[in-house]
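One structure below.
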There are 2 protein chains.
Amino acid sequence: MKRNTWQREAVREALDGTEGFISAQALHSALHASGSPIGLATVYRALGDLASTGEADSLQSPDGEALYRACSTTGHHHHLICRNCGLTVEISAEPVEEWAKGVAAEHGFTQAAHVVDVFGLCAACTKLQAGA
Amino acid sequence: MKRNTWQREAVREALDGTEGFISAQALHSALHASGSPIGLATVYRALGDLASTGEADSLQSPDGEALYRACSTTGHHHHLICRNCGLTVEISAEPVEEWAKGVAAEHGFTQAAHVVDVFGLCAACTKLQAGA
DNA sequence: CTGGTTTTGACAATCATTATCAATTAGCTA
DNA sequence: TAGCTAATTGATAATGATTGTCAAAACCAG
């Protein structure tokens, strides 16, 4: 059976109150800083649960950390990243979601996850490079 | 000054000869398996260099490993990868190509490249897991 | 060939994450 | 409300990928 613990609630609320993505470590630090004695392992478990039930999204930062964010109703999206200055723009990718699901099913794959990121030069860096 | 060493060449060739993405660890194993006494740290350094000079692309797998692939301008396609047995299926992604181009343009990005790969469990592994 | 640097590679260190496992606790039931 | 039972917690150890260290080896110019 699945139980409701204050720890899980704390993690959920901390996520809700966070703008954008946050790492498990950072979330744990934030909780500690605000006086919660919650354990690190528990934060990881709670985040994992939230992610697996679809209440949170997760992605991998370029440094290899797992980042999480509260899942708004429309949730899942991807990123457009400037390869020069690192600027990141969030983009929705509904056509891709469906495509990924369809392709996976077509080949008998289940539990499909996908990695979709677009790299390019942002407007500012394009200008800079044109000048240089 | 930048020197040419057989180790760096070995890494570059191993990458070129690899279909799709491969982890640094796997590449090192492959090199060892084919008789090369190259060190692990050197493989990491070489991959990092290749990635920073644009000769290779890198991405984070869902498991948090860094994956690399030779940056081939020819024969663009994507992959459907079984996260259990490693089976890889090549897939075409025309809808995604257009989508990526459109999204990049929409945000003022130029020189858009994209990383699109789908991870899942292939039919065989799905069966195995269901049984276990 | 020789000198001055860069690069290598074995190994230690680091960092995020996961597993372990005894102690605690939520939620049901009477 | 008290008690029972299984899920959950959390301190810590373990894991696994990646990076730092530094003496020895290799590269390249002269």
Side-chain angles (χ1 to χ4, degrees), chain A residues 1-15 18 20-53 55-69 111 113 115, chain B residues 1-15 18 21-53 55-69 81 83-84 86 117 119 129 132:
Chain A
M1 189 198 302
K2 190 173 180 177
R3 297 181 184 174
N4 286 337
T5 61
W6 64 265
Q7 287 96 335
R8 223 172 284 237
E9 274 309 306
V11 168
R12 192 193 313 254
E13 282 180 21
L15 246 201
T18 299
F21 287 91
I22 188 173
S23 71
Q25 305 272 347
L27 195 63
H28 176 240
S29 295
L31 283 166
H32 255 234
S34 60
S36 176
I38 191 171
L40 178 58
T42 303
V43 173
Y44 274 99
R45 274 187 293 246
L47 285 173
D49 286 351
L50 288 174
S52 70
T53 60
E55 294 184 76
D57 273 346
S58 67
L59 65 82
Q60 298 282 335
S61 83
D63 304 329
E65 278 179 286
L67 303 182
Y68 298 85
R69 108 182 143 172
Q111 298 179 29
V115 173
Chain B
M1 190 199 303
K2 192 173 179 177
R3 297 179 183 176
N4 286 338
T5 61
W6 65 266
Q7 287 97 334
R8 223 173 284 236
E9 274 309 307
V11 169
R12 192 194 312 255
E13 282 180 22
L15 246 200
T18 299
F21 287 92
I22 188 172
S23 70
Q25 305 272 349
L27 195 64
H28 176 239
S29 296
L31 283 165
H32 254 236
S34 58
S36 175
I38 191 171
L40 178 58
T42 303
V43 173
Y44 273 98
R45 275 187 292 248
L47 285 174
D49 286 351
L50 288 174
S52 71
T53 60
E55 293 183 76
D57 276 343
S58 68
L59 66 84
Q60 298 282 336
S61 83
D63 303 329
E65 279 179 285
L67 303 182
Y68 297 85
R69 83 172 167 183
I81 304 154
R83 90 179 99 224
N84 184 238
D117 285 283
F119 294 85
Q129 202 180 67

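Reminder, nothing fancy here: chain letters follow the sequence lines and each chain counts from 1. The shown structure was predicted, so the numbers you read here are calculated from the model rather than taken from an experiment. We use all heavy atoms of the structure for the numbers below, so side chains are in, but hydrogens, waters and symmetry mates are not.
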In short, Ala14(B) meets Leu27(B) closest at the heavy-atom pair CB-CD1, 3.6 Å
Counting only side-chain heavy atoms from C-beta out, which of dT9(D), dT8(D), dT17(C) sits nearest to Thr42(A)? dT9(D)
Can you name the closest pair of heavy atoms from Arg8(A) and Lys2(A) and give their distance? NH1-CE, 4.0 Å
Would Gln25(B) and Ser23(B) count as a side chain to side chain donor-acceptor pair (under 3.5 Å) here? Give the steps. CA-CA 5 Å; Gln25(B) 305 272 349; Ser23(B) 70; over 6 Å; no
Nucleotide dT17(C), atom P - distance to CD1 of Ile22(A) in whole Å: 12 Å
5'-most by nearest nucleotide on DNA chain D - Val43(A) or Ser23(B): Val43(A)
Would you indicate what Thr5(B) reaches in the nucleic acid, counting non-hydrogen atoms under 4.0 angstrom: base, sugar-phosphate, or nothing? sugar-phosphate
Round to the nearest Å and state the distance from Leu40(B) atom CG to dC11(C) atom C1'. 11 Å
What is the distance, rounded to the nearest whole Å, between atom CG of Asp49(B) and atom P of dT7(C)? 8 Å
In whole angstroms, how far is the P atom of dG16(D) from the NE2 atom of His28(B)? 17 Å
Residue Ala41(B), side-chain atoms from C-beta onward, closest of dC28(D), dG9(C), dT18(D): dG9(C)
On DNA chain C, compare the nucleotides closest to Trp6(B) and Arg45(A); which residue's is nearer the 5' end? Trp6(B)
For His28(A) and Leu40(A) the tightest heavy-atom approach is NE2-N, 3.4 Å
What is the distance from CZ of Phe21(B) to C1' of dA17(D), rounded to the nearest Å? 18 Å
Measure the distance from CD on Glu9(A) to C1' on dT25(C) and round it to the nearest whole Å. 16 Å
Mind calculating the distance between OH (Tyr68(B)) and P (dT18(D)) to the nearest angstrom? 7 Å
Contacts of His32(B) and Arg8(B) projected onto DNA chain C by closest heavy atom; the upstream (5') one is Arg8(B)
Classify the side chain of Arg3(A) and the base of dT25(C) as holding, or not holding, a donor-acceptor pair under 3.5 Å. yes
Residue whose nearest DNA chain D nucleotide is more 5′ - Tyr44(B) or Asn4(B): Tyr44(B)
Over all atoms of both residues, closest heavy-atom pair of Val43(B) and Ala24(B): CG1-O, 3.8 Å
Output the rounded distance in Å from CD (Gln7(A)) to C1' (dA7(D)). 12 Å
Look at all strands and tell whether Glu65(B) reaches a base, only sugar-phosphate, or nothing, counting heavy atoms closer than 4.0 Å. sugar-phosphate
